[in-house]
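These numbers come from the heavy atoms of this one structure, side chains and all, not from hydrogens, waters or symmetry mates. Numbered from 1 within each chain, the chains take letters A, B, ... in sequence-line order. A quick note: this is a predicted structure, and the numbers were derived from the prediction, not measured.
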Amino acid sequence: MMEIRIAGVTKQFYPDIVALRDVYLTIPQGDFVYLVGPTGSGKTTLMRLITRELVPTKGQITVGECNLRSLGSLDLAYYRRDIGVVFQDFRLIENMTVYENVAFVQEAIGMPKSLIHDRTGEILDRLGLWRRRQLYPEQLSGGEQQRVAIARAMVNCPGILLADEPTGNLDLTTAEDIMSILLSINASGTTVLVATHNQYIVDEFRQRVVGIRRGRVIRDERKGRYEPDGDL
Amino acid sequence: MAIFRYVLRDTWRLLARNLGLSVLTFITAVAVFYLVGASVLFVMNTRAMIAGVESNLLVQAYVKSEEGVLQTVAEKMSAMDCVASVETITPEEALEKLKARLGNQADAVTLLGENPLPSSVQVQVKKAEFATVVARELIAMPEVDDVVYSGELAERLQKISSFVSRLSLIILVISITAASLVLFNTIRISVFARKEEIETMLLVGATPAFVAFPFVLQGVVLGVLGAFFASGILYFSYGYAINALARSLPFLSLIQNPELLLRLGIVLVGGGVTIGWICSWLAVSKFIRAATRPH
């Protein structure tokens, strides 16, 4: 079970910017969590702590049995194979096609070619991208790029999916489409953490809401709603 | 197998994507390894020439014309480690040699009356630098009247040998440093051109070794290709140069051994692998360490 336990985590950036203060949070396997809060509240920092791009200044994070602070470089690589990340800016590789962008993350973990072909085909088909597989990222719309990013994050069947503003800059229909995909991924048992500012999707697809403000967790509600006063 | 295929394909992609830079690195590697090979051959030929001259370098000691003295001096010299061979020459043998040298005018020696030539010992040293040591040893012997040897030539040969060795060492160090820097920078540029790709790979769980290997292989390929082509060019250009020199300066003892060139080629290719590997590993591992180090 990939339970995420964040215990007393403070993250301070040099010299005196405190991004997170004494955060306690437990996210059981299979949860769907919205991280909401104003820009600069610490949502992205929290996600980067979970991917171990950052380490806490104080406190500790454990995912399953794994204490993130004590991971060596090889253990970190194996840990990250179980974490899918959808970046705010997609981070697709410009000179790779849609198919290659999704296939290369499987190559990176040494998967056999036949399996790569099958799984890439399956995920592109599921996300409605199969007909776009030969196109390059610049030839896609924002929504399509976001779907490719989700496909890439999902293709290795991770236990946890982190999505940073997955509906940012997308129109309502596309945002709903992306949310449906994330919910279906969650339905298959994957823990999903979505950092968002999108009031509509938080209220429309109601799930657990964790509000962060000035680096502190100010609320944690099951089937919560977006609170414009606190979350913006 | 999938990893192997990926590494090969990615290495090819790296080489092709930075084609201009790859070609430039390849040309530099060819030039550098050619220079290294040429300087090695230059040193070996200089040493062979010096060895040729040294083999003819003799120290001649004229000894007193007393019974048994010639043998005593010869035995003392033979006991020295730096001596290659000792030859004793009686006054009669010396006269015969003189006659042989005079040729048609050999009869002129009869005008001398009694044979005036002394007994002597001819000592051949193993290296030119030992000539002075042997000469000093002989002068110190009470049985020896006089010592003749080409002391200046011996010292000059010694200086030339030492200068050539030092010069080639400097060329070697400069060449290898230049090749290393060019290779290091080529790989570093390749790494920076794919910065985001590498960061993404590390974030999805690629191991540092998996990320680094195509870059390391790129460096090795460039190093090996450079050394291989340099060896080929060296083989043909050396053959051509040696033939031309042998025709115009036949008295020079130059090395004409294809097996030696083959061995030198193998050493150069081995050097290409080593330099390519080390430089590219340093360039890429530095970046990967920085990318995986949590902040």
Side-chain angles (χ1 to χ4, degrees), chain A residues 11-14 19 45 47-49 51-57 61 68-69 71-87 89-96 100-117 149 152-156 158 162, chain B residues 1-22 186-187 189-218 280-295:
Chain A
K11 179 63 190 176
Q12 183 173 355
F13 291 104
Y14 182 84
T45 300
M47 290 201 165
R48 292 182 71 197
L49 283 165
T51 56
R52 232 289 296 260
E53 287 173 82
L54 301 173
V55 282
T57 311
I61 300 176
L68 300 196
R69 197 184 281 279
L71 287 178
S73 63
L74 201 59
D75 290 334
L76 178 63
Y78 289 118
Y79 163 72
R80 282 177 175 170
R81 290 178 187 187
D82 225 0
I83 310 281
V85 186
V86 181
F87 301 98
D89 54 356
F90 316 137
R91 289 209 210 167
L92 299 176
I93 294 159
E94 292 301 315
N95 53 13
M96 285 188 187
E100 288 167 343
N101 260 289
V102 178
F104 106 94
V105 296
Q106 299 166 84
E107 288 178 325
I109 62 168
M111 208 173 273
K113 194 181 179 185
S114 57
L115 199 57
I116 291 173
H117 186 72
R152 189 179 64 183
M154 280 311 300
V155 76
N156 286 338
L162 308 175
Chain B
M1 191 62 193
I3 290 176
F4 186 65
R5 199 173 38 237
Y6 169 80
V7 166
L8 285 181
R9 201 191 62 214
D10 212 43
T11 305
W12 171 248
R13 211 168 55 184
L14 281 170
L15 288 166
R17 191 188 290 178
N18 303 306
L19 191 63
L21 201 63
S22 299
T186 303
I187 303 301
I189 289 167
S190 296
V191 169
F192 274 98
R194 294 181 61 185
K195 189 172 175 282
E196 283 189 10
E197 200 176 324
I198 292 172
E199 282 168 354
T200 308
M201 284 173 88
L202 291 167
L203 269 175
V204 299
T207 60
F210 180 84
V211 174
F213 209 66
F215 293 99
V216 173
L217 201 58
Q218 182 195 11
S280 48
W281 176 251
L282 286 176
V284 71
S285 65
K286 195 178 168 191
F287 180 84
I288 290 174
R289 261 202 312 277
T292 51
R293 190 184 301 130
H295 306 287

**Student:** Testing the basics here: between A:R91 and B:T200, what is the closest heavy-atom pair and its distance to 0.1 Å?
**Tutor:**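 It is O-OG1, 4.2 Å.
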
**Student:** Highest number of heavy-atom pairs under 4.5 Å with chain A: which of B:I288, B:V211, B:L202?
**Tutor:**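 Looking at each of B:I288, B:V211, B:L202 in turn, B:L202 comes out on top.
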
**Student:** At a 4.5 Å cut-off on heavy atoms, which part of A:F13 comes close to chain B: side chain, backbone, both, or neither?
**Tutor:**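 Neither part.
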
**Student:** Would you please test B:L203 and A:R80 for side chain to side chain contact (heavy atoms under 4.5 Å, CB included) and show each step?
**Tutor:** CA-CA 6 Å; B:L203 269 175; A:R80 282 177 175 170; 3.9 Å; yes

**Student:** Mind checking what makes side-chain hydrogen bond (donor to acceptor under 3.5 Å, both in side chains) contact with B:S22, not counting sequence neighbours?
**Tutor:**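 Applying side-chain hydrogen bond (donor to acceptor under 3.5 Å, both in side chains) to B:S22 gives none.
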
**Student:** Select one option (side chain, backbone, both, neither) describing which atoms of A:V105 are under 4.5 Å from chain B's heavy atoms.
**Tutor:**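 Answer is both: backbone and side chain atoms of A:V105 are under 4.5 Å from chain B.
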
**Student:** Please flag which part of A:L54 lies under 4.5 Å from any non-hydrogen atom of chain B: side chain, backbone, both or neither.
**Tutor:**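 Interface part for A:L54: both.
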
**Student:** Considering residues at least two apart in sequence or located in another chain, which fulfil the side chain to side chain contact (heavy atoms under 4.5 Å, CB included) criterion with A:A77?
**Tutor:**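 Checked A:A77 against side chain to side chain contact (heavy atoms under 4.5 Å, CB included); matches are B:T207.
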
**Student:** Roughly how far, to the nearest 0.5 Å, is CE of B:M201 from CD of A:E107?
**Tutor:**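 The CE atom of B:M201 is 8.5 Å from CD of A:E107, to the nearest 0.5 Å.
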
**Student:** Any idea which heavy atoms bring B:V204 and A:I109 closest together, and the distance?
**Tutor:**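 That would be O-CG2, 3.9 Å.
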
